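Bear in mind that the values here come from a model prediction, so they are computed numbers and not experimental data. In what follows, residues are counted from 1 in the order of the sequence shown. Atoms within each ligand, like the ligands themselves, are counted from 1 in listed order.
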Amino acid sequence: MSDDVLELFPPGSRLDRDGTVMVGDCRLDDVAAEFGTPVIVVARDALARRVRDYLAAFRSRWPRSDVAFASKSFPCTAVQRIMVSEGLHLDVAGGGEILTALKAGADPARLVLHGNAKTDEELTIAIQSGVGLVVVDNFDDIDRLEHLVPAGRRQPCLVRVIPGVQAATHASQATGHARSKFGLLPDDARVAIARIENSPRLAMQGVHTHVGSQLLDVDQLAEAVAPIARLGTFDTYDLGGGLGVRYTYREHAPTLDQYADAMVEQARALLPADSRLIVEPGRSMVARNACTVYRVTTIKRGEVVHVAVDGGMGDNLEVALYDQRFEAGIVGRFDGAGEQCQVVGRHCESGDVLVAGVPLADPAVGDLLVVPATGAYCHTMANNYNGNRRVPVVFASGGSWRVVVRRETWDDLLRRDVD
Ligand code: LLP
């Protein structure tokens, strides 16, 4: 059996002697036996290593750079805590992510707050907790901040700029085009910058841009540097996130070094040498370092072989919303061979397909099925469709495991339903 099948799993994953997939030196069948299914299993040490590699990739090329993990890609305290303990900043989208970041022990000065529709409540949380950078997305953010920042204080800000880059990704994941709802077009950004520079309550730190998510062409990411460089000389240039990852055996994604080379090459050409660079990776930090284990509940053989599992779009919306392709395998027989199957979820919708076509080796009811590369945005977008109880997150490391987000209970579901 080839180890290539593990290329989509966290680095360090292996097959046990009987062919069972092991992540963080834990057998996935043992984890499933303890926590039930579906369950998201994170390779804790591989994730921490990735964080260190990210920081080193940028600091070695541009010493004054910071990596701010995009919390939205895997928003839970335990993941944020890893980022914080490895020296990262955190990109937080809204009040909720500020609160989990603080619970994770983040220094508020190392938080970067985003949002295209920030409320007074969220900005108040940000100001009161001392969030380091508020990314101004629109003129109302400026009005609100001027009203909410107490006299004698100045809130450091970045201005989010639309770079005018049409990214080759799913339309819902592209944010850099002229019609984007995020940020300001360069002419408007100039006005916002002038307002902030003249405001007694705000401190102009720099500019921000983000082209989109799951970009497999690093040149498109680097294209965003020029439009923000033209806006002037600042202390900080935040280049957003967006590096795409490999989800299937057939795909290829740029390496971290290729990405850092492309970004820093543009920075060297266009930005002040003493400025501070920030990047905000989400997906490329976490995607590969987790997988989801399901149990096969039924198999139906018609024109298509439907292998149905006990999860689906309640724990992974990437397929239904963004046409993302994944791979899957039976936990003890993950060898990439077998009959062509469609892995479907348990939800009442035909779009609830986890993998449209994948070879599975003798799938049987009761088998465990694993989908690799589910670390990004799956836990994030989990939902209660069809009374789904959101799934637990388990950290596996050195042969032992611990739950960091427990499974939702029936009681949890009923608790909010107050009348
Ligand atoms: N910075 C900003 C301002 C962002 O809006 C995002 C992602 C990131 C950084 C991180 O991007 P990444 O490195 O993860 O590509 N719900 C979609 C993903 C939307 C991404 C939103 N912004 C999904 O499930 O695929």
Asker: Measure from NZ or CZ of Arg389 to the centre of the six-membered ring of Trp410, then state whether that distance is under 6.0 Å and the direction lies within 45° of the axis.
Answerer: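 Satisfied, under 6.0 Å and within 45°.
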Asker: Quick check, are the ring centers of His210 and His114 under 6.0 angstrom apart?
Answerer: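 Between His114 and His210, which both carry aromatic rings, the centre distance is not below 6.0 Å.
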Asker: How would you list, by chain and number, every residue that makes a side-chain contact (heavy atoms from CB on, under 4.5 Å) with Arg246, sequence neighbours excluded?
Answerer: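 Partners of Arg246 under the side-chain contact (heavy atoms from CB on, under 4.5 Å) test: Glu7, Leu8, Tyr249, Glu251, Ala253.
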Asker: Between Asp141 and Arg160 (salt bridge meaning N to carboxylate O under 4.0 Å), is one present in this structure?
Answerer: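 Looking at Arg160 together with Asp141, the answer is no, because their closest N to O distance does not fall below 4.0 Å.
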Asker: Per the side chain to side chain donor-acceptor pair (under 3.5 Å) rule, what does the pair list look like for residues 341-354, sequence neighbours excluded?
Answerer: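 Sorted result for residues 341-354: His306-Gln342, His347-Asn386.
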Asker: Can you produce the list of protein nitrogen or oxygen atoms under 3.5 Å from a nitrogen or oxygen of ligand 1, alongside each distance?
Answerer:
| unit_1 | atom_1 | unit_2 | atom_2 | d |
| --- | --- | --- | --- | --- |
| ligand 1 | 1 (N) | Asp91 | OD2 | 3.3 |
| ligand 1 | 1 (N) | Glu280 | OE1 | 2.7 |
| ligand 1 | 5 (O) | Lys72 | NZ | 3.0 |
| ligand 1 | 13 (O) | Gly242 | N | 2.9 |
| ligand 1 | 13 (O) | Gly282 | N | 2.9 |
| ligand 1 | 14 (O) | Arg283 | N | 2.8 |
| ligand 1 | 14 (O) | Tyr377 | OH | 2.6 |
| ligand 1 | 15 (O) | Ser213 | OG | 2.4 |
| ligand 1 | 15 (O) | Gly242 | N | 3.3 |
| ligand 1 | 16 (N) | Tyr322 | OH | 3.0 |
| ligand 1 | 24 (O) | Glu318 | OE1 | 3.3 |
| ligand 1 | 24 (O) | Glu318 | OE2 | 2.5 |
| ligand 1 | 25 (O) | Gln173 | NE2 | 2.8 |
| ligand 1 | 25 (O) | Arg283 | NH2 | 2.9 |
| ligand 1 | 25 (O) | Glu318 | OE1 | 2.9 |

Asker: Write out all pairs satisfying side chain to side chain donor-acceptor pair (under 3.5 Å) with one or both partners inside residues 31-57, taking only residues at least two apart or from two chains.
Answerer: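 Every pair satisfying side chain to side chain donor-acceptor pair (under 3.5 Å) with a residue in residues 31-57: Glu34-Trp401, Thr37-Asp310, Asp45-Ser397, Arg52-Glu86, Tyr54-Ser284.
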